[in-house]
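Accompanying notes for the structure given below.
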Amino acid sequence: MQTGKPLVAVFDTKPYDRDYLTAAAGVGDLTLAFHEFRLDANTAFAAAGAQAVCVFVNDEVHRDTLAALASQGVKFVALRCAGFNNVDLKAAKEFGISVTRVPSYSPHAVAEHTIALILTLNRKTHRAFVRVRELNFSLSGLVGFDLHGKTAGIIGTGKTGRIVAQILRGFGMKVLASDPYPNTDWAVSHGIEYTANDIIAAESDIISLHAPLTKETHHLVNREFIAKMKKGVMLVNVSRGRLIDTGELIEALKTGKVGSVALDVYEEEEGIFFEDLSGEVLQDDELARLLTFPNVLITAHQAFLTDEALAEISRVTVENLRNFASGQPFLEGTTL
Ligand code: NAI
């Protein structure tokens, strides 16, 4: 480590990132240089003097970015998130750059936010809150449905999907699930049934996406999938925006085929989510259209945002940065 120079350039940071990372780093051996802007090929120069960079979900760690980082001597990319679809791992290997992520920080945080979205969207508490504050005590348009007795489809039964499935079982829902690597013991013990996506589409009243973004899951919810869904289905996505073809979703909302949608992620969220654009003209026409539907609820990628999750993300990230600096192996299960 070169004393006096930042060891780690930390991109795309907000006050809460800085607070938790600074607390985890404590006093001493790590120098964290925080940047508010995201990492991409044009901003990679901001890592000058650093041996490691720390990034989040919407930083673009593509080949050209990695080339720029490597040319400046960066040897380590620490992702402070679970998903890694924004990193070209093949290029990182070629440039001799190690990459780690935080595979699990709080699946409960993400699952509980999913449930918050489902309950809010169904019982329209967000609309009721605004109405009551305006002294409008009318209930028209606020009719929901009982979750009890309905069917939920969970696509992806990893850490998050499993918790969501179990909570929904607690509401008395029938739960169907799909995953290329089914966990049958878990399913049997919780009364959950693995089946094909086509059956999930045809039978579910609520479909919740918990699969990573891969070539296979890109636009998993497309025109064909939507055609197989029940009319009026509730669709929930807290995973990655590109799992859904937004244009097709808008069409399905207009016809009523899709009854309601909750999104914590959006196909083109980079540069929009996490930012305060309240004084600006929104340039994204599909997001603007989505925001006009009364039956669409959007949060800006906040499912992870709990005290426990932020503390754990920072603990694992800082520990890996220390291990990198001292030539120790990275924490088990974090290397990509
Ligand atoms: P995980 O890796 O524990 O589980 C993902 C599951 O999806 C695995 O069981 C995998 O086999 C399955 N899967 C892979 N391809 C599939 C396919 N084609 N169809 C159905 N299932 C498939 O990941 P975890 O922690 O449950 O998170 C899931 C995703 O949620 C992450 O990849 C990430 O993109 C996203 N995420 C979003 C957050 C937010 O704040 N909105 C926070 C954390 C994760």
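The structure displayed is predicted, hence computed values, not measured ones. Just so you know, ligand 1 is whichever comes first in the structure, and atom 1 is the first atom listed for that ligand.
Contacts with ligand 1 closer than 4.0 Å are made by side-chain heavy atoms of Y105 only, the backbone lying farther away. Counting heavy atoms under 4.0 Å from ligand 1, residue L305 does not touch it at all.
Between H35 and F11, the angle of the ring planes lies from 30° to 60°, which puts this pair in the tilted group. Using cut-offs of 30° and 60° for the angle between ring planes, the F274 and F304 rings count as perpendicular.
A salt bridge does not link E203 to K150: none of the charged nitrogens lies less than 4.0 Å from a carboxylate oxygen. Comment: E268 engages R242 in a salt bridge, judged by a side-chain N to carboxylate O separation of less than 4.0 angstrom. Taking 4.0 Å as the cut-off between side-chain N and carboxylate O, E248 and K254 do not count as a salt-bridged pair. Classification of K228 and E224 as a salt-bridged pair fails, no side-chain N sitting under 4.0 Å from a carboxylate O. Between R322 and D29, at least one side-chain nitrogen of the basic residue sits less than 4.0 Å from a carboxylate oxygen of the acidic one, meeting the salt-bridge criterion.
Using a 3.5 Å distance cut-off with no hydrogens or angles, the side chains of S278 and D276 do pair a donor with an acceptor.
Atoms of ligand 1 lying under 4.0 Å from at least one heavy atom of V110, given by number and element, are 42 (C), 43 (C). Atoms of ligand 1 found under 4.0 Å from any heavy atom of D264, numbered from 1 in the order shown, are 39 (C), 40 (O), 41 (N). Residue A211 approaches ligand 1 through these ligand atoms, each under 4.0 Å from one of its heavy atoms: 7 (O), 16 (C), 21 (N), 22 (C). Interface of S178 with ligand 1, defined as ligand atoms under 4.0 Å from a residue heavy atom, comprises 20 (C), 21 (N). For ligand 1, the atoms lying closer than 4.0 Å to a non-hydrogen atom of A303 are 39 (C), 40 (O), 41 (N). Every atom of ligand 1 is numbered from 1 in the order shown, and the set under 4.0 Å from a heavy atom of Y181 is 11 (O).
Few gaps surround CZ on R63; more than 12 heavy atoms of other groups in view lie less than 6.0 Å from it.
Ligand 1 has no atom lying under 4.0 Å from any heavy atom of P107. For T217, the closest heavy-atom approach to ligand 1 falls below 4.0 Å. At least one heavy atom of I155 sits closer than 4.0 Å to an atom of ligand 1.
Atom 35 (C) of ligand 1 has S239 O, 3.4 Å as its closest protein atom, hydrogens excluded (heavy atom only). With respect to atom 37 (C) of ligand 1, the closest heavy atom belonging to the protein is V238 O, 3.1 Å. With respect to atom 27 (O) of ligand 1, the closest heavy atom belonging to the protein is T160 OG1, 3.7 Å. The single protein non-hydrogen atom nearest to atom 3 (O) of ligand 1 is K159 NZ, 2.8 Å, given as residue, atom name and distance.
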